[in-house]
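Heads up, the thing below is written out as structure tokens.
Computed over heavy atoms, backbone and side chain alike; hydrogens, waters and symmetry mates excluded.
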Amino acid sequence: MNTRKIKAIVVDDENRIRRGIERLILSCGEEFEIVGSYNSGTKLINEYEKENICFDLLITDIKMPGMNGLELIKEMRNRASFEAVVISGFNDFHYLQTAIRERALDYMVKPLIRDEFREQLGKIKDRILENWANEKKVEIIDTQLRHVKQTQMLSELIRGNEIDLAELEWTKDFPKGIYYLLHISIDFNQMRDLYALQSGELEKRLQDVLKGFNEATKNLSWIWKGDEASFWILIHNKEADQLQEILAAERLQSAIKAGTNLTSTIALSRSFYDVAVIPALRDRLSALLQFRLIYGGNQIYTLSLVENILKERGKIKESKELEITITRMVESLDPLKREELFHHLNHYLTELKKLPSPRDIEKSIQVLAIQTINRLLTKSVAKDELHLIQEALKLTRKSLNFIELKVNLTTWMHKVLKIFEEKNIHESINPIDTAKTWITENLGNNITIDKIAKIIHMNPTYFCEYFKNQTGETVLDFVTKARIEKSKDLLLSTDLKIYDISQLVGYTDTKYFSKLFRKHFGEVPSKYKEKANMNLK
């Protein structure tokens, strides 16, 4: 049922007649409401300029002191879209012709007859409702087209490699709020229903699940195909409720099972607020999916779940000597004791060689990796070192003999050690200042969230939220502002061409650069420079 009311404005210089028209309008049904009543066209225009009144119907007298009704309609047409009715005590064909030219919906003659007025207002109501219905159809089509375009951009975002923040301005068109990213992958240890995957039936089934879920929760979502029988889903939520997203993931898993008899594994991100961080989240979720190789498929992996698994798996018992040595190695990492660490590593390798089977060796390295990374996770806000566990687990498979395994494991430990050393160095440095300095020194280079986050050793998602909370602006806004400010300085202090300046501040598309420049300074670069030079004369 349509609860939207038709908003009417009445303009007549005779107070008694104007109030009578208002009563007639309200007597025509609850669909109408009066949002303005004025004794002159000038007052309506002045009020509209102040308040920007929203209205659908203007009923005005023709003959009024100063501005007449037809002039008023013409002036208001330049400001708003509405239907118009003119009323006059002069039954003059000339006025009628003029009113029609000004697109007045109807022409009424005083004195107004109640039944005729209601009949005419009924026709007006039908016309307005029809226009609303057409506007709604256009709005729906526009929304659908925008959603399709956004989905295409998201798909390219997932596939792309280091994407400069200048290429992510379109992410600002997404609604503000809380987001979750899901990566769904069909488990590979089963016979795949290739027909369902290739024909798009599975994607359609997932879309149906999301549609029902969104209608129930008032969420928004975007879904697109990934690589190797996988899908990506972006969900916009009103609340940071991961339990709700886990429920959605469970429903998606059930839909896949029901449609193909296949199981799937889903990696679910933590909440985030900026769609621009998706390239960084892509790699994190892909890393989370890899945990099914160790802990099995047909599950939903979240970062919190993996952290708990790591803690539990770290409690696996090895031989007493290996257990003690692993503990001492981990304790040598924080606080950092380099010589002690490698002393314990050499002893560990000696004990490791004594194990009876490759499976036992692999198991021990798994415990070492889990405890090492778990120590790193408790020390830092960064969460992107999880891939080091995967690297450690592959060491036994890629090493041809124990000597090679020893070298590879030592190299792996050097990587871990480097991360701890870098974190110790940066602990006392303000990460926001470091990030801003790096950005301003690299405006002409490729700048990504991932790159900035690695410089300050933060998780990209956390860094974006931390930056916004500390500075009041997003990373993307800061980078854009810094680049445009730098371009202004180059524009006013050099004779470089616009194209060259655009390149120097990181924009390969000169037209796009000019558009951003105009958005910030009100003029395109060439016009801005021309005015600045004139002011100096």
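- In terms of modelled atom types and a separation under 3.5 Å, the side chain of Ser286 and the main chain of Asp283 share no donor-acceptor contact.
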**OP:** Determine, stepwise, if the pair Asn346 / Thr350 fulfils side chain to side chain contact (heavy atoms under 4.5 Å, CB included).
**Re:** CA-CA 6 Å; Asn346 288 331; Thr350 300; 5.5 Å; no
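- Side chain of Thr171 to backbone of Leu168: a donor-acceptor contact under 3.5 angstrom is found.
- Taking the six-membered ring for Trp and thresholds of 30 and 60 degrees, Trp222 and Tyr179 have ring planes inclined between 30 and 60 degrees apart.
- Checking side-chain atoms of Gln253 against main-chain N and O of Ser264 turns up a donor-acceptor pair under 3.5 Å.
- Screening Lys5, Lys7, Arg4 for a salt bridge (charged side-chain N to carboxylate O under 4.0 Å, His left out) involving Glu33 leaves a single residue, Lys7.
- One distance of note links CD1 of Ile455 with CG of Asp450; it measures 11.0 Å at 0.5 Å rounding.
- Residue Tyr499 qualifies as open at atom OH: its count of foreign heavy atoms under 6.0 Å is 12 or below.
- Other residues, nucleotides and ligands contribute only 12 or fewer heavy atoms inside 6.0 Å of the CD1 atom of Ile403.
- In plain terms, the two heavy atoms of Leu349 and Phe402 that are nearest each other are O-CZ, 3.4 Å.
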Original post:
Are Asp477 and Thr474 close enough, and set up right, to give a side chain to side chain donor-acceptor pair (under 3.5 Å), and what steps lead you there?
Top reply: CA-CA 5 Å; Asp477 287 338; Thr474 66; 3.1 Å; yes
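- The two residues Ile223 and Thr151 make their nearest non-hydrogen contact at O-CG2, 3.3 Å.
- In this structure, the side chains of Gln150 and Arg146 come closer than 4.5 Å at one or more pairs of heavy atoms.
- Residues Thr461 and Leu281 approach most closely at OG1-CD2, 3.0 Å, considering heavy atoms.
- A 4.5 Å side-chain heavy-atom check between His236 and Ile178 finds every atom pair outside the cut-off.
- Relative orientation of the Trp232 and Trp224 rings is parallel, given thresholds of 30° and 60° on the angle between their planes.
- Leu285 places a side-chain heavy atom less than 4.5 Å from the side chain of Ser269.
- Exactly one residue among Arg205, Lys204, Lys211 makes a side-chain hydrogen bond (donor to acceptor under 3.5 Å, both in side chains) with Asp208. That residue is Lys204.
- A perpendicular orientation is assigned to the rings of Phe463 and Phe467, their planes being inclined by more than 60° (bins at 30° and 60°).
- The nearest pair of heavy atoms linking Asn446 to Lys451 is O-NZ, 3.1 Å.
- Donor-acceptor pairing under 3.5 Å is recorded for the side chains of Glu245 and Asn237.
- Between the CD1 atom of Ile456 and the NZ atom of Lys436 there is a distance of 12.0 Å, given to the nearest 0.5 Å.
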Subject >> side chain to side chain donor-acceptor pair (under 3.5 Å) assessment of Gln503 paired with Thr508 >> reply: CA-CA 6 Å; Gln503 296 285 321; Thr508 55; 5.5 Å; no
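- Atom CD1 of Ile326 is separated from atom OG1 of Thr372 by 8.0 Å, given to the nearest 0.5 angstrom.
- Remark: the Arg159 side chain and the Ser155 side chain contain an N/O donor-acceptor pair separated by less than 3.5 Å.
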**OP:** Determine, stepwise, if the pair Leu322 / Val367 fulfils side chain to side chain contact (heavy atoms under 4.5 Å, CB included).
**Re:** CA-CA 10 Å; Leu322 279 172; Val367 173; over 6 Å; no
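- A 4.5 Å side-chain heavy-atom check between Tyr301 and Leu268 finds every atom pair outside the cut-off.
- Considering NZ of Lys337 and NE2 of His344, their distance stands at 8.0 Å, rounded to 0.5 Å.
- One side chain, Glu169 or Thr480, offers a donor N or O that lies under 3.5 Å from an acceptor on the other.
- A distance-only check finds no donor-acceptor pair linking the side chain of His414 to the backbone of Leu409 [under 3.5 Å].
- Counting heavy atoms from C-beta on, the side chains of Glu340 and His343 never come closer than 4.5 Å.
- Across all their heavy atoms, Ile128 and Ile6 have their closest contact at CD1-CG2, 3.7 Å.
- Ring centroids of His347 and Phe342 are separated by 6.0 Å or more, keeping the two rings apart.
- In this structure, the side chains of Thr510 and Ile501 stay at 4.5 Å or more apart for every pair of heavy atoms.
- Remark: side-chain polar atoms of Thr265 are paired, donor with acceptor, to backbone N or O of Asn298 under 3.5 angstrom.
- Closest of all the heavy-atom pairs between Lys486 and Leu443 is CB-CD1, 3.7 Å.
- The cationic atom of Lys176 (NZ for Lys, CZ for Arg) does not lie both less than 6.0 Å from the six-membered ring centre of Tyr273 and within 45° of the ring axis.
- Side-chain contact between Leu417 and Arg338 is present, with heavy atoms from C-beta onward closer than 4.5 Å.
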Subject >> Criterion side chain to side chain contact (heavy atoms under 4.5 Å, CB included) on Ile452 and Thr448, from CA distance to verdict >> reply: CA-CA 6 Å; Ile452 304 170; Thr448 68; over 6 Å; no
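- One finds the CD1 atom of Ile439 at 6.0 Å from the CD1 atom of Ile447 (value rounded to the nearest 0.5 Å).
- Salt-bridge annotation for Glu351 and Lys354: present, with a side-chain N of the basic residue lying under 4.0 Å from a carboxylate O of the acidic one.
- For the pair Thr263/Lys257, a side-chain contact is recorded, criterion being any heavy-atom separation below 4.5 Å from C-beta on.
- Within the 3.5 Å criterion, the main-chain N or O of Thr410 finds no donor-acceptor partner in the side chain of Lys415.
- Judged by distance alone, the side chain of Ser364 and the main-chain N or O of Ile361 form no donor-acceptor pair under 3.5 Å.
- Panel note: side chain Asp274, backbone Val277; no donor-acceptor pair is recorded below 3.5 Å.
- Judged by a 6.0 Å distance limit and a 45° cone about the ring axis, Arg483 is positioned over the six-membered ring of Tyr507.
- In this structure, Ile449 CD1 and Lys454 NZ are separated by 13.0 Å, a value rounded to the nearest 0.5 Å.
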